[in-house]
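I have placed the structure first, in the form of structure tokens, so that the comments after it can refer back to it.
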Amino acid sequence: MILQSIHDLNPHQAYRIKKLQRQLDRAENYEEWKSIALRLDEESGAQEWKFDNSSPYFDAEIISHRLNLLRRYRFQKRTADLMYILREGFSHDVANIGHPLLFTQTYIGTKKIIEHYIEEVSQALAYIASVKCETLTLKEKQDFFENCEKAYGQPALMFSGGATLGLFHSGVVKALREQDLMPKVLSGSSAGAIMTAMLGVADPNDIPHLLTGEHFYSDAFHFRSLQELIKGNGGFADVRYLKKFLVENLGDVTFAEAFEKSGLDINVTVAPYNVAQEDARIMNKYTSPDLLVWSAVLASCAVPVLFPPVRLTSKRYDGVHTPYLASTRWVDGSVRSDFPQERMSRLYNLNYTIASQVNPHIVPFMQNDEQRFRQDLLSWPERILRQQGKIVAMGAMDFTRSRMGRIPSIRRLLDHGYGIVDQRYYGDVNIVGNYGLRHYGYMLQNPKPKLFNMLQREGERATWPKISSIETHARIGKTIQHCLEVLKSPQAQSSMSTNLHVPA
């Protein structure tokens, strides 16, 4: 993505850049990685790109005009005009400043005018919430920021399936938490559902301990003997071991109770075993408040063939466990909806999504942002090949369905295959595992400390290059939240002398 023309540099400069890139690969934490990345941007000349406002990917003229107005109104304390211009552009990608290709040219940051604009919006919001703004009452300020929060939306973090490779997600969470960039809306399917649920039932103060991996060391995978397989009535793995692991770690907690404990909106994707019964669903505090979290995760982990389909369990008002949609059996949610973005957007007013993708059958085919958004002629053959490949695969499954669809097992297999091919596997920001052949040998291993630490480290390292983009997306939303917290604090009720600090 970055430094594509390194062969055009003089030998000494190319040597320094390669040396910095090797140091970048060996960085032990994000602060070290960021320091080296900034030096790389400077050494390669990528910093110059930041000061050039011209770009086909966003409208610099609109941003420049809005930036000048915001500065003028804030310095002149024209509160009404300032609020008007802020309301006019409350979107994280106003004038297309959230375009992915604006974050591929440098390791750190994007166009300076975009960074200055986001900084100025944050400063304007902080001014309105502060005591310097004397034309508004406390109630008017609270109402303004509540409207801002609704208009601007919030992010979500989505965890894919991937069996034991899902330990990668713990590194993503660790890296985002360390930079205070962890969203409050989470979703997961299959292995991602375990990560989502672990966070969702935990006290926020216990999450650092959770991320040490101690709770993940378990014999959740236990393959059945040949004699048991011949008897039928199950998959290759014994679901009882996975159920025991989930019940021990997630407890007797419903989705409604999980939210009360963690403050996180968690969503677990499940799919019906019989596709004709209904579509895939997301389970959360809104759609299934009384459903036990471990039960939904067990269903979401029920990969066809590996595990048998399972029935869901809910907890009644008196604590008694009862069947949830007793006539329906459920399987792995990732076969139909790995990332349920559209349905979550309606529930949570999302403005952008972060996808952590480790599904072994998806990662090899993932494209980076430059490959996905290229428009030049050289990109057409691959684009056409991908589109036609999808059409051919669906056509083959439709043909097979028309000839053999009367056989239930064949029909279900085709329905699940159709769901895998036809869904969207990208978020707005994508954190993707970097696989070698050895990773496929880890897929069904029970987690041990060495494997956990290795995959978590891979998740951290894959997240670091994305943090600059996520920070840019998150800055205004975090400022709005911070201002609301201050304005609703007990101190604000009696005095508005609080000096706001705009989060970096």
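When reading the values below, keep in mind they use all heavy atoms of this one structure, side chains included, and skip hydrogens, waters and symmetry mates.
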Just wondering, do Leu167 and Tyr442 contact through their side chains at under 4.5 Å, heavy atoms?
-> no
Looking only at atom types and distance, does a side-chain atom of Asp59 sit under 3.5 Å from a main-chain N or O of Ile62, one as donor and one as acceptor?
-> yes
Taking Gln357 for its side chain and Asn359 for its backbone only, find out whether a donor-acceptor pair lies under 3.5 Å.
-> yes
Indicate yes or no for a side-chain donor-acceptor contact from Asp428 to the backbone of Thr353 under 3.5 Å, with no hydrogens or angles considered.
-> yes
Do the non-hydrogen side-chain atoms of Cys301 and Ile194 ever get within less than 4.5 Å of each other?
-> yes
Would you say Asn147's side chain and Asp143's backbone share a donor-acceptor pair under 3.5 angstrom?
-> yes
Cationic tip of Lys111 within the cone over Trp49's six-membered ring, i.e. under 6.0 Å and within 45° of the normal?
-> yes
Carefully, step by step, assess Arg457 and Glu460 under the rule side chain to side chain contact (heavy atoms under 4.5 Å, CB included).
-> CA-CA 5 Å; Arg457 192 62 168 167; Glu460 286 185 85; 3.6 Å; yes
Measure across Ala37 and Ile108 and return the closest heavy-atom pair with its distance rounded to 0.1 Å.
-> CB-CG1, 3.8 Å
What's the shortest heavy-atom distance between Phe145 and Leu125, and which atoms?
-> CZ-O, 3.1 Å
Heavy-atom closest contact (Leu199 atom, Ser262 atom, distance) = O-CB, 3.8 Å
Exercise: identify the closest heavy-atom pair between Leu82 and Ile85 | O-CG2, 3.2 Å
Evaluation steps, side chain to side chain contact (heavy atoms under 4.5 Å, CB included), between Asn249 and Met198 = CA-CA 7 Å; Asn249 285 280; Met198 289 279 211; 3.9 Å; yes
Short side-chain to backbone donor-acceptor contact, Thr212 and His209, under 3.5 Å | yes
Kindly say whether Asn351 contributes a backbone atom to a donor-acceptor pair with the side chain of His92 at under 3.5 angstrom?
-> yes
So with a 6.0 Å cut-off around CD of Gln76, is the heavy-atom count from everything else above 12?
-> yes
Ion pair present between Lys112 and Glu115, side-chain N to carboxylate O less than 4.0 angstrom?
-> yes
Answer yes or no: is there a donor N or O on one side and an acceptor on the other, between the side chain of Gln154 and the main chain of Gly477, under 3.5 Å?
-> no
Got more than 12 heavy atoms from elsewhere within 6.0 Å of NZ, Lys50?
-> yes
Identify the heavy atoms of Ala60 and Ile113 that sit nearest to each other, and give their distance.
-> O-CD1, 4.0 Å
Working for side chain to side chain contact (heavy atoms under 4.5 Å, CB included), residues Asp93 and Phe58 | CA-CA 9 Å; Asp93 62 348; Phe58 81 110; over 6 Å; no
Measure the OG-CE distance between Ser187 and Met283 for me, rounded to the nearest 0.5 Å.
-> 14.0 Å
Apply the side chain to side chain contact (heavy atoms under 4.5 Å, CB included) test between Asn267 and each candidate in Leu186, Thr196, Ile282; give the one that qualifies.
-> Ile282
Using the side chain to side chain contact (heavy atoms under 4.5 Å, CB included) rule, pick out the option among Gln23, Glu31, Gln21, Arg26 that qualifies with Ile36.
-> Gln23
Separation of Lys18 NZ from Leu20 CG (nearest 0.5 Å) | 13.0 Å
Would you please test Arg438 and Glu458 for salt bridge (Lys or Arg N to Asp or Glu O under 4.0 Å) and show each step?
-> CA-CA 14 Å; Arg438 62 189 174 93; Glu458 290 184 6; 3.6 Å; yes
Quick one: does NZ or CZ of Lys285 land under 6.0 Å from the six-membered ring centre of Phe259, within 45 degrees of the ring axis?
-> yes
Is Ser300 reaching over with its side chain to a backbone N or O of Val297, donor-acceptor style, under 3.5 angstrom?
-> no
Classify the ring geometry between Tyr152 and Phe90 as parallel (under 30°), tilted (30 to 60°) or perpendicular (over 60°).
-> perpendicular
Side chain to side chain contact (heavy atoms under 4.5 Å, CB included) partner of Ser160, chosen from Val358, Leu165, Ile431 | Val358
For atom CG of Asp25, decide whether the heavy atoms of other residues, nucleotides or ligands shown that lie under 6.0 angstrom number more than 12.
-> yes
Quick one: do Val363 and Asn434 satisfy side chain to side chain contact (heavy atoms under 4.5 Å, CB included)? Show the steps, please.
-> CA-CA 8 Å; Val363 168; Asn434 183 20; over 6 Å; no
Salt-bridge present (Glu257, Lys261; N to O < 4.0 Å) = no
Do other residues, nucleotides or ligands put more than 12 heavy atoms under 6.0 Å from Glu146 CD?
-> yes
Any Ile354 side-chain heavy atom under 4.5 Å of Pro183 side chain = yes
Evaluate the side-chain proximity of Arg281 to Thr269: yes if any heavy-atom separation is below 4.5 Å, no if none is.
-> no
Ignoring hydrogens and angles, tell me if any N or O in the side chain of Asn284 forms a donor-acceptor pair with the backbone of Ile266 under 3.5 Å.
-> no
Decide salt bridge (Lys or Arg N to Asp or Glu O under 4.0 Å) for Arg66 and Glu120; before the verdict, give the C-alpha distance in whole Å, the side-chain angles of both, and the deciding distance to 0.1 Å.
-> CA-CA 10 Å; Arg66 291 184 56 79; Glu120 184 56 42; over 6 Å; no
For the residue pair Tyr30 and Trp33, categorise the inter-ring angle as parallel (less than 30°), tilted (30 to 60°) or perpendicular (more than 60°).
-> parallel
Considering residues at least two apart in sequence or located in another chain, which fulfil the side-chain contact (heavy atoms from CB on, under 4.5 Å) criterion with Arg87?
-> Met83, Phe144
Which pair of heavy atoms, one from Ser190 and one from Gly161, lies closest together, and at what distance?
-> CB-CA, 3.7 Å
Donor-acceptor contact below 3.5 Å, side chain Asp206 vs main chain Ala202 = no
